[in-house]
Amino acid sequence: ISNTLYFQTSTASCIPVTVSSWPTNQTVVAPGQASFNVIASGTSISYQWEYSTNSGNTWSTVPNSSPYSGTTSSILAINSTTTSMNGYKYRCTLGNTCTTTFWTNWVTLTIISPTPTVLVTIASSPSGRLFSIEDGSTYTSPKTLTWNSNSSHTIVFGTPQSGGTGVQYLFSNWNDG
């Protein structure tokens, strides 16, 4: 793609549209924010963002309603994204009175699903026992931690703890949701 593109038809005191920066693909974790922008110069530029949900076979005008804003400006903002938007294509139509209307390149919105988390409560009997996890953090039981699903963790109850010599600790139940 060229760094500068313009199509000129002669009109007095009108500067043709020149694009100096094209939109780029965006990857975000849902429900994150995404934005596409085009940097252009010229007289009274009109912008209209379009999107395709079928790999560019058909295009529709981006609605000027949530989650979109800036649909007729140089920056299209999406707040917040959803996983159903994964793979959507976007482009912008630009023009003015002395430039034939043209489209920017297509760009793709890639949505990454958030990693599911689980709450894990580590408790001891009696309560108030110290334990640590693999990153070196030390806690007093009971303590609830948020961990990614399907992740592995090491929990260490140091010994001896108050309660006397020969005290043993036993995990009697584990539930990861």
Work out which heavy atom in [X] is nearest to a heavy atom in [Y]; give both atom names and the distance.
X      : Y      : answer
Thr121 : Pro142 : CG2-CB, 4.5 Å
Phe131 : Thr140 : CE2-C, 4.1 Å
Pro63  : Thr71  : O-CG2, 3.4 Å
Val28  : Ala34  : CG1-CB, 4.1 Å

Heavy-atom donor-acceptor pair, [X] side chain to [Y] backbone, under 3.5 Å:
X      : Y      : value
Asn105 : Pro23  : yes
Asn96  : Thr99  : yes
Ser46  : Gly95  : yes
Asn25  : Thr108 : yes
Ser52  : Asn54  : yes
Glu134 : Thr154 : yes

Find out if a path of hydrophobic residues (ILVMFWY) with successive side-chain heavy-atom gaps under 4.5 Å connects [X] to [Y].
X      : Y      : result
Val118 : Tyr139 : yes
Leu109 : Ile112 : no
Phe102 : Val38  : yes
Trp106 : Leu94  : no

Rounded to the nearest 0.5 Å, what separation is found between the [atom1] atom of [X] and the [atom2] atom of [Y]?
X      : Y      : atom1 : atom2 : answer
Thr18  : Ile45  : OG1   : CD1   : 8.0 Å
Thr115 : Asn148 : OG1   : CG    : 5.0 Å
Ile111 : Thr27  : CD1   : OG1   : 8.0 Å
Ser66  : Asn79  : OG    : CG    : 7.5 Å

Fill in: Test item: side-chain donor near acceptor, Ser127 and Ser141, under 3.5 Å
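There is no such pair (donor and acceptor under 3.5 Å, judged by atom type) between the side chains of Ser127 and Ser141.
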Worksheet item: In terms of side-chain heavy atoms, does Asn86 have a donor or acceptor partner in Thr83 at a distance below 3.5 Å?
Response: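 The criterion, which ignores hydrogens and geometry beyond distance, is not satisfied for Thr83 and Asn86.
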Fill in: Pair Trp22-Thr104, side chain to side chain donor-acceptor pair (under 3.5 Å): steps then yes or no
CA-CA 7 Å; Trp22 299 84; Thr104 63; over 6 Å; no
Worksheet item: Could you go step by step and tell me if Tyr51 and Ser60 meet the side chain to side chain contact (heavy atoms under 4.5 Å, CB included) rule?
Response: CA-CA 5 Å; Tyr51 74 109; Ser60 300; 3.8 Å; yes
Could you tell me whether the side chain of [Y] reaches within less than 4.5 Å of the side chain of [X], counting heavy atoms only?
X      : Y      : answer
Trp49  : Phe36  : yes
Lys89  : Trp59  : yes
Gln48  : Thr61  : yes
Met85  : Pro67  : yes
Tyr47  : Thr93  : no
Ile133 : Leu145 : yes
Cys98  : Ile15  : no
Tyr90  : Ile78  : yes

Practice prompt. Give the C-alpha distance, both sets of side-chain angles, the deciding distance and a yes or no for side chain to side chain contact (heavy atoms under 4.5 Å, CB included) between Val62 and Leu76.
Written response: CA-CA 9 Å; Val62 174; Leu76 174 66; 4.0 Å; yes
Fill in: Parallel, tilted or perpendicular: ring planes of Trp147 versus His153, cut at 30 and 60 degrees
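Judged by the thresholds at 30° and 60°, the geometry between Trp147 and His153 is parallel.
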Discussion item. Let's go through Cys14 and Thr97 carefully: what are the C-alpha distance in whole Å and the side-chain angles of both, what is the deciding distance for side chain to side chain contact (heavy atoms under 4.5 Å, CB included) to 0.1 Å, and is it a yes or a no?
Written reply: CA-CA 7 Å; Cys14 182; Thr97 58; 3.3 Å; yes
